Every structure is written in structure tokens, then in C-alpha cells.
Colleague: 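The structure follows.
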Amino acid sequence: MAPRAYWKGSLKLSLVSCPVLLYPATTSVEKTHFHMINKETGNRLKQQMVDAETGDVVESDQKARGYELKKGEYVEVEKEELEAVQIESSHTIDIDSFVPRDEIDKRYINNPYYIAPDGKAGIDAFAVIRDAMKDKDRVAIARIVLTNREHIIAIEPLGKGLLGITLRYPYEMRDEHEYFDDIKNPKISKDMIELASHILDSKAAHFDPSKFRDEYENALKTLVKRKAAGKPVKVAEPEEKPGNVISLMDALQQSLKGKGSAKRSSHSPARRATHRPAKKAHRSAARARKAS
């Protein structure tokens, strides 16, 4: 059975338009979900709204939205007032511009959607817009109204269809300088950089999401199956964290030799390493470069 479209409307480029369907590109159906239950009866619990001051349960007809002006002081906003400022969907994706793909800051990327033609009527116009973007390697920047809010959406070709990714607004982004300005710039030797570069080369690969494994999700499924079957669940003891400090140069050299794998270091504490003379460390780095 074909998935249900999340949005239905038109993709518009100047005077050219075509009917399209928009589908969420992600799903959480396969993820393990839990409900809150009564431990004694096994029945599911339901939540209630409670007045923070009086502790009284608030019925649905007493609930309202309020904006906090200052601590504990709210201004109530009526449902009709909210509806007055909501944007009515024109059911049109209006393309405003086309930008180079590499100019889109990854921090602004939000939710992905698949965009497909709706029926055969506008298939030609859809293909023209898609293939023109392929030819120029450009991404369309457009506007779309979803759930009464206007979103910026980046659209690019994906196979026979289009991929639309909603983008965050600048006010949603935090300034990176607040987190990076206090980072010091230590002097790192060229030998260390070259050793690290060799490690990077040894782990070079291509992006392949089929290799991603959600170990926590797998553990949850195993846990639930064992509990449902009445089998005991073994609680693993926490691993001891290594307490000794290893020198950065030795860690790089051991990693290059395959002795510093994450699996081994997580189970056995690192040895305290003695610092080698700079001349000897330089010769070791040279041998490692030659061997690679």
C-alpha cells in the first residue's frame, strides 16, 4: 500500500507549475517505544494537566495558551487570536532562487521530504524543473506552508524525484563563537599531524549508511523479547575506565600500528608511557611514513 502524502499542492517556477505530493522521508515506526503503566495492575497510565500552584486537576475546557512575560506572569492568547496570525496554506511551493549546493550551511538542515509528481498531468513540467537543476547542479530555495507556519525548503534532484529539506531560520541558530572562542590553539608538532594523517588514510572509506548499526535499539529489542518470553535479563557490570594517561605521540604511533583500537582501549587500561627523546620520536615517525 502506497504511503499517504503529507502535503499536496503545486511546485511553481515562474509561470511553470506542476502538481506534486510531499512525503516525509524519515520514519520512527521501527524504533522501540514504551508506555507508562501502573506497576501493580499493568494498566496504561494517562496524563493529566495539574495547576502548578493549587495542585488541582485542570479540565480541557479550562486550558489556555499563555506567553511568559516574566517569571510566573503570563499573558493569555486566545485561540481565535492565534488563528488570525496563522498563515493560510496556498498549497504552492514557490521557488525564489537557485543556489550552489555547497553554499548551504549544514547547520540549517532540518527535516527531509520526498517530492513526487501528482498524476500524469504535470509530469513534463516536473521533469523540466528536476533536470534543469541537475544540469546546473543547483538547489532551489523555496517557501512552503506546513502546519500553519511558513518554512524555507531546499529542493534538489534525487533519482527520478526531488528531495526537499526544510531549513532552520537564523534566529534558531546559536552563535558558534560562544562555544569556540575559548578554545586554545596549542602548538602541535608536524610529526603528530603526519601520524594522525596516516591514521585517517588507513580508515578512509565512502559514506555508506547501510553499515550504520543502532546498537542501543538492537539491545532494547533483545531486552523486550527476553522479558516477554519470561527469560532472565543479565545486567552488565559497568566497565572500568582506564585511569592511566598515555602520551599523545605514543597514542598516535600505537594507533597507526593497530594497537590503539577503541575496542581494546575500552577494556584494558592504557599503560603509562615514558616520553621518548625528540630525535628518536622523529625517526619513528619517519619510519612510519616510509612504511605507509
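Numbering of residues begins at 1 and proceeds along the displayed sequence. From a predicted model like this one, the values you see are computed outputs, not experimental measurements.
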Colleague: Pairs of donor and acceptor atoms involving the side chains of residues 53-71, under 3.5 Å and at least two apart or interchain, shall be tabulated with distances.
Modeller:
from, atom 1, to, atom 2, distance (Å)
Thr54, OG1, Asp56, N, 3.2
Thr54, OG1, Asp56, OD2, 3.3
Gln62, OE1, Glu59, N, 3.1
Glu68, OE2, Gly72, N, 3.1

Colleague: Looking at Thr166 and Asn111, would you say the former's side chain and the latter's main chain have a donor-acceptor pair under 3.5 Å?
Modeller: yes
Colleague: Is there a side-chain contact between Ile193 and Ile188 (heavy atoms, below 4.5 Å)?
Modeller: yes
Colleague: With a 3.5 Å distance limit and no angle check, can you tell me whether Glu103 reaches the backbone of Pro100 through a side-chain donor-acceptor pair?
Modeller: no
Colleague: In this structure, would Phe126 and Phe98 fall into the same cluster of hydrophobic residues linked by side-chain contacts under 4.5 Å?
Modeller: yes
Colleague: Report, as yes or no, whether the 6.0 Å neighbourhood of atom CG on Asp51 holds more than 12 heavy atoms from other residues, nucleotides or ligands.
Modeller: yes
Colleague: Distance check, rounded to the nearest 0.5 Å: Lys12 atom NZ versus Ser90 atom OG?
Modeller: 8.5 Å
Colleague: Quick one: does Ile155's side chain get under 4.5 Å of Val139's, heavy atoms only?
Modeller: no
Colleague: Measuring from atom CE of Met133 to atom CD1 of Ile95, what distance do you get when rounded to the nearest 0.5 angstrom?
Modeller: 5.5 Å
Colleague: Write down the atom of Pro157, the atom of Leu162, and the distance for their closest heavy-atom approach.
Modeller: CA-CD2, 3.8 Å
Colleague: Using a 3.5 Å cut-off and no angle test, enumerate the donor-acceptor pairs between side-chain atoms of residues 14-32 and protein atoms at least two apart in sequence or in another chain.
Modeller:
from, atom 1, to, atom 2, distance (Å)
Thr27, OG1, Val29, N, 3.1
Thr32, OG1, Glu217, OE2, 2.5

Colleague: Consider only side-chain heavy atoms of I, L, V, M, F, W and Y, link residues closer than 4.5 Å, and tell whether Ile123 and Ile129 are in one cluster.
Modeller: no
Colleague: Check whether the side chains of Ser189 and Asp191 place a donor and an acceptor atom closer than 3.5 Å, and report yes or no.
Modeller: no
Colleague: Kindly indicate, with the supporting measurements, whether the criterion side-chain contact (heavy atoms from CB on, under 4.5 Å) is fulfilled by Tyr108 and Asn110.
Modeller: CA-CA 6 Å; Tyr108 285 81; Asn110 200 357; over 6 Å; no
Colleague: Assess whether atom CE of Met49 is packed by more than 12 heavy atoms of other residues, nucleotides or ligands within 6.0 Å.
Modeller: no
Colleague: Check Trp7 against Val145 and note the closest heavy-atom contact, atom names and distance.
Modeller: NE1-O, 3.4 Å
Colleague: Do the side chain of Glu172 and the main chain of Tyr169 share a donor and acceptor less than 3.5 angstrom apart?
Modeller: yes
Colleague: Let me confirm one number: the CG-CE distance from Leu195 to Met249, rounded to the nearest 0.5 Å.
Modeller: 5.5 Å
Colleague: Hey, could you give me each pair passing salt bridge (charged side-chain N to carboxylate O under 4.0 Å, His left out) that has a residue in residues 109-135? Not counting sequence neighbours.
Modeller: Lys8-Asp118
Colleague: Checking the side chain of Arg138 only, and the main-chain atoms of Arg101 only, is there a donor and an acceptor separated by less than 3.5 Å?
Modeller: no
Colleague: So do Asn218 and Leu220 actually touch side chain to side chain, heavy atoms under 4.5 Å?
Modeller: no
Colleague: Nearest 0.5 Å, what's the OG1-CD1 distance between Thr92 and Ile144?
Modeller: 9.5 Å
Colleague: According to a 4.5 Å side-chain heavy-atom criterion applied to Ile, Leu, Val, Met, Phe, Trp and Tyr, with indirect links allowed, do Leu146 and Tyr171 form part of one hydrophobic cluster?
Modeller: no
Colleague: Should Ile153 and Arg143 be marked as a side-chain contact (heavy atoms from CB on, under 4.5 Å) after you check the CA-CA gap, both sets of side-chain angles, and the distance that decides it?
Modeller: CA-CA 6 Å; Ile153 187 168; Arg143 288 167 288 121; over 6 Å; no
Colleague: With a 6.0 Å cut-off (strictly less than), is the heavy-atom count around NZ of Lys221, excluding the residue itself, greater than 12?
Modeller: yes
Colleague: So, taking the atom named CZ in Arg44 and the one named CG in Asn38, what distance separates them when rounded to the nearest 0.5 Å?
Modeller: 13.5 Å
Colleague: One pair to check against ring-ring contact (aromatic ring centres under 6.0 Å, His included): Phe212 and Phe207. What are the steps and the verdict?
Modeller: CA-CA 10 Å; Phe212 295 172; Phe207 180 73; 5.7 Å; yes
Colleague: Quick check: do Arg174 and Glu178 have side-chain heavy atoms less than 4.5 Å from each other?
Modeller: no
Colleague: Indicate yes or no: at least one non-hydrogen side-chain atom of Phe180 is less than 4.5 angstrom from one of Asp175.
Modeller: no
Colleague: Quick check: does any side chain N or O of Thr41 sit under 3.5 Å from a backbone N or O of Asn43, one acting as donor and the other as acceptor?
Modeller: yes
Colleague: Rounded to the nearest 0.5 Å, what separation is found between the CD1 atom of Ile115 and the CG atom of Leu158?
Modeller: 10.5 Å
Colleague: So, does Arg226 use its side chain to make a donor-acceptor pair with the main chain of Pro232 at under 3.5 Å?
Modeller: yes
Colleague: Does Glu176 reach the side chain of Arg107, with side-chain heavy atoms less than 4.5 Å apart?
Modeller: yes
Colleague: Do Tyr114 and Tyr6 land in one hydrophobic cluster if side-chain heavy atoms of ILVMFWY residues count as linked below 4.5 Å?
Modeller: no
